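Shown next, in structure tokens, is the structure this report addresses.
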Amino acid sequence: MARILITSALPYINGIKHLGNLVGSMLPSDVYARFQRQRGHDVLFLCATDEHGTPAELAARSAGQTVRDYCAEQHDIQAKAGKAFGLSFDHFGRSSNAPNHQLTQHFAKVLEDNGLIEERVEKQVYSVDDQRFLPDRYVEGECPNCGYEKARGDQCDNCGRLLDPTDLKNPYSAISGSKNVELRETRHLYLLQAQLQDEIAEWVEAHPGWPQLTKSIAKKWLKEGLRDRSITRDLQWGIPVAYEGEKRAGFENKVFYVWFDAPIEYIGVTQEWALANDDVSDTEWKRWWRTDKGAEDIRYVQVMGKDNVAFHTVSFPATILGSREPWKTVDTLKSLNWLTWYGGKFSTSENRGIFMDQALELLPPDNWRWHLMANAPESDDASFTLEHFALVVNKDLADVLGNFVNRITRFCKARFGEEVPAAGEYGEDERGLIATLQKSVSAYTEYMEQMEFRKAFAELRGIWVAGNEYLQVAAPWTTIKTDEAKAAASVRCALNLIVLFAVLSRPVIPFTAEKMFAIFGLNDAEAGWPDDIAAALNRFKGGEAFIPPDVLFAKIEDEQIEEWRQKFGAED
RNA sequence: GGCGGGGUAGCUCAGUUGGUGAGAGCGCCGGAUUCAUAACCCGGAGGUCGGCAGUUCAAAUCUGCCCCCCGCUACCA
């Protein structure tokens with residue numbers, strides 16, 4: 001039994017996440033965590049809301065709330081939505097909680113002790129009316145290159161020119177529109193990443209198994225050369241620059257930059273998890289993170305969208321390695337591309353796309369889980385359309401899987417009654433089926449191990465199809481006329497298949513798997529993972545009672561699709 | 001602009017140490033079947049593998065140039 005630590009990239013706090021965010025990290029990590037738990041491994045699966053930074057402050061302001069209340073409320077909303085989607089986090093924490101505060105202070109301290117942090121003074125745009133320094137993209141003005149009037153301080157959206165906020169003509173605050181802005185000096189802490197260049201490059205090289213996308217992004221940053229990075233910001237909401245409660249002189253109104261503290265929350269949430277389980281000793285969480293305290297054999301898996309890769313392959317490792325302390329670093333890093341909404345971006349402000357809460361108002365979680373994972377954006381950005389979604393759900397879930405369960409349970413009830421028939425022996429058809437499944441289950445398992453989700457679920461779908469093929473050939477509705485024992489054996493085999501399908505499908509469609517187990521009065525928590533298909537198909541010997549279920553998946557009708565298209569801003 | 005990813009059947013996508021007639025699912029057409037959610041099962045049609053040029057006995061695969069889409073570009077996260 002291996003010990004596997006799995007973390008999903010942390011969803012940002014400013015509102016409920018859309019389907020693209022879901023499939024970008026939280027859902028694939030959940031599927032993998034569920035799979036590894038069923039495999040019998042000791043899994044710790046963690047996630048948290050990422051709560052600091054300018055967008056949180058602004059979102060709170062526009063909601064008319066204090067940022068503290070806003071975050072608390074939004075955390076609750078995201079936690080509920082995640083639970084409703086079946087995300088099986090062992091703990092869903094908050095980057096604003098105490099453990100992360102302590103850890104972030106700790107890392108800043110040891111990095112400074114190691115000579116990797118220094119103070120630097122720089123000039124930055126300050127908005128007098130907003131009483132705050134403005135991050136580059138919150139300064140707007142006229143582009144010096146093309147004259148576009150709403151160019152952002154980091155880049156002009158019109159001509160694409162990269163800018164410095166001081167380049168802008170007639171700059172104004174994007175927050176309030178105020179033109180009362182000026183350059184002010186401000187003091188920040190810099191993490192001297194350049195000194196860690198070789199060390200991080202070596203660490204990256206030591207992980208040849210990372211996906212192509214992950215490696216190329218990491219190597220690109222290293223090739224360009226790591227730059228020292230400012231790790232503090234002029235904000236109120238965040239982790240104060242104050243070691244052990246002692247505020248640092250000149251940093252009274254500053255906090256650590258959200259990208260400095262957010263990855264540290266992976267460790268913080270592990271402490272939160274331990275505390276939630278009444279372990280205050282510090283020993284339990286360290287078993288997952290400190291290689292000198294029992295974490296030397298941990299396999300650590302991170303899952304994230306491609307925008308997060310640089311921070312996980314370069315920035316966070318700089319923090320960890322620079323501490324000179326024996327922290328566990330990531331072993332396997334799965335990165336995904338974007339899911340697009342009809343080829344364009346999901347957008348809250350323009351009401352384009354479906355968000356997690358809305359999705360569940362339309363259909364149960366497994367419909368979404370299946371489609372998103374079977375079509376996960378692994379090799380490239382993938383397009384989500386309602387039409388494709390309906391097609392996939394109707395075909396894979398309703399016609400192939402749902403119908404299989406329905407047809408055999410109904411047939412059995414009609415001809416043999418509501419218990420597994422005991423007569424007859426397995427013959428050629430069953431041996432053929434077992435041989436087929438032995439291969440495809442093995443392939444499916446391997447794809448899941450590799451986190452090749454599209455391939456895995458194409459294989460799983462093939463396994464469901466094999467059930468229908470088997471029934472077609474065995475045709476108990478025909479054989480029962482001449483050989484009732486043979487028909488009984490076929491039905492018994494098919495009923496056993498339902499349980500096998502439930503076990504194999506559980507990582508991706510857990511709610512449906514539970515229903516399938518319930519047909520036979522089984523508890524899905526007992527699900528393991530089948531190595532021996534013949535044994536799995538001999539689980540029921542005959543005589544076991546069952547209750548034919550309602551239809552597992554209703555079909556999506558064209559009228560529904562049209563209605564949703566209108567509601568969610570679908571285009572062509 | 002720079003860097004990275006991608007452009008393969010109507011749709012969504014597999015497919016690189018270059019080599020048996022280019023694949024899957026869906027959709028479409030046909031057949032078979034009737035246990036089942038007009039479901040399942042079998043078969044078929046359908047592609048100048050973004051464009052041009054080159055290397056090679058042989059290119060979806062390697063090289064060069066070009067076109068298009070997406071992402072990142074360190075103070076959005």
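Naming convention: chains lettered A, B, ... in sequence-line order (proteins, then strands); numbering from 1 in each chain. Note that the structure is a prediction, hence the values are computed from the model and not measured.
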For side-chain hydrogen bond (donor to acceptor under 3.5 Å, both in side chains), just list the numbers for A/Q74 and A/Q78, CA-CA rounded to whole Å, side-chain angles, deciding distance to a tenth of an Å, and then say yes or no. CA-CA 6 Å; A/Q74 291 298 321; A/Q78 291 207 27; 5.4 Å; no

For A/R132 and A/D130: C-alpha separation, side-chain torsions, deciding distance, then whether salt bridge (Lys or Arg N to Asp or Glu O under 4.0 Å) applies. CA-CA 5 Å; A/R132 66 189 303 150; A/D130 295 319; over 6 Å; no

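For residues 302-320 of chain A, the salt bridge (charged side-chain N to carboxylate O under 4.0 Å, His left out) pairs, not counting sequence neighbours, are A/K306-A/D381.
A/H188 and A/D234 share a side-chain donor-acceptor pair at under 3.5 Å. Under the 3.5 Å distance criterion, with hydrogens and angles disregarded, no donor-acceptor pair is assigned to the side chains of A/K123 and A/T166.
For A/R410, counting side-chain heavy atoms from C-beta on, the closest listed nucleotide (B/rC40, B/rA77, B/rU37) is B/rU37. The nucleotide whose nearest atom lies closest to any side-chain atom of A/L552 is, among B/rU37, B/rC41, B/rC72, B/rU37. Nearest nucleotide to the side chain of A/E224, out of B/rC76, B/rA74, B/rA39: B/rA74. The nucleotide whose nearest atom lies closest to any side-chain atom of A/K455 is, among B/rG15, B/rU37, B/rU73, B/rG15. When each of B/rA77, B/rA39, B/rU73 is scored by its nearest atom to the side-chain atoms of A/Y257, the top-ranked nucleotide is B/rA77. Listed nucleotides B/rU37, B/rC42, B/rU73 differ in distance to A/E469; the shortest reach to its side chain belongs to B/rC42. You'll find that the side chain of A/Y12 is closest to B/rA77, out of B/rC35, B/rC76, B/rA77. Considering only the side chain of A/D50, B/rA77 comes nearest among B/rA77, B/rC76, B/rC40.
If you check distances only, the side chain of A/R227 does reach the base of B/rA74 with a donor-acceptor pair under 3.5 Å. Put simply, the side chain of A/N406 and the base of B/rA36 share no donor and acceptor less than 3.5 Å apart.
Atoms CZ (A/F411) and C1' (B/rC41) sit 16 Å apart, rounded to a whole Å. Between the CD1 atom of A/I498 and the P atom of B/rA36 there is a distance of 15 Å, given to the nearest Å. A straight line from CD of A/E557 to P of B/rA39 spans 10 Å, rounded to a whole angstrom.
Separation of the P atoms belonging to B/rG51 and B/rG10 is 14 Å when rounded to the nearest angstrom. Rounded to whole Å, the separation between the C1' atoms of B/rU61 and B/rG7 comes to 15 Å. Of the P atoms belonging to B/rC65 and B/rA9, the separation is 26 Å, rounded to the nearest Å.
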Short heteroatom pairs, N/O only, protein and nucleotides 6-13 of chain B, under 3.5 Å:
from: B/rG6; atom 1: O2'; to: A/D380; atom 2: OD2; distance (Å): 2.7
from: B/rU12; atom 1: O2'; to: A/R454; atom 2: NH2; distance (Å): 3.3
from: B/rC13; atom 1: O5'; to: A/R454; atom 2: NH2; distance (Å): 3.4

Tabulate protein N/O versus nucleotide N/O from nucleotides 26-31 of chain B, keeping only pairs under 3.5 Å, one per line.
from: B/rC26; atom 1: OP1; to: A/R461; atom 2: NH2; distance (Å): 3.4

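Counting all heavy atoms, side chain and backbone alike, A/Y266 lies closest to A/H312 at OH-NE2, 2.6 Å.
For A/W477 and B/rC35, the ring-to-base geometry satisfies the stacking test (centroid distance below 5.5 Å, interplanar angle below 30°).
Within 6.0 Å of the CD atom in A/E182, the count of heavy atoms belonging to other residues, nucleotides or ligands exceeds 12.
Here A/D307 lies in heavy-atom contact (under 4.0 Å) with a base. Backbone-only contact: A/W338 has heavy atoms under 4.0 Å from sugar-phosphate atoms and none from a base.
Nucleotides of RNA chain B nearest to A/C412 and A/L10 differ in position, and the one nearer the 5' end is that of A/C412.
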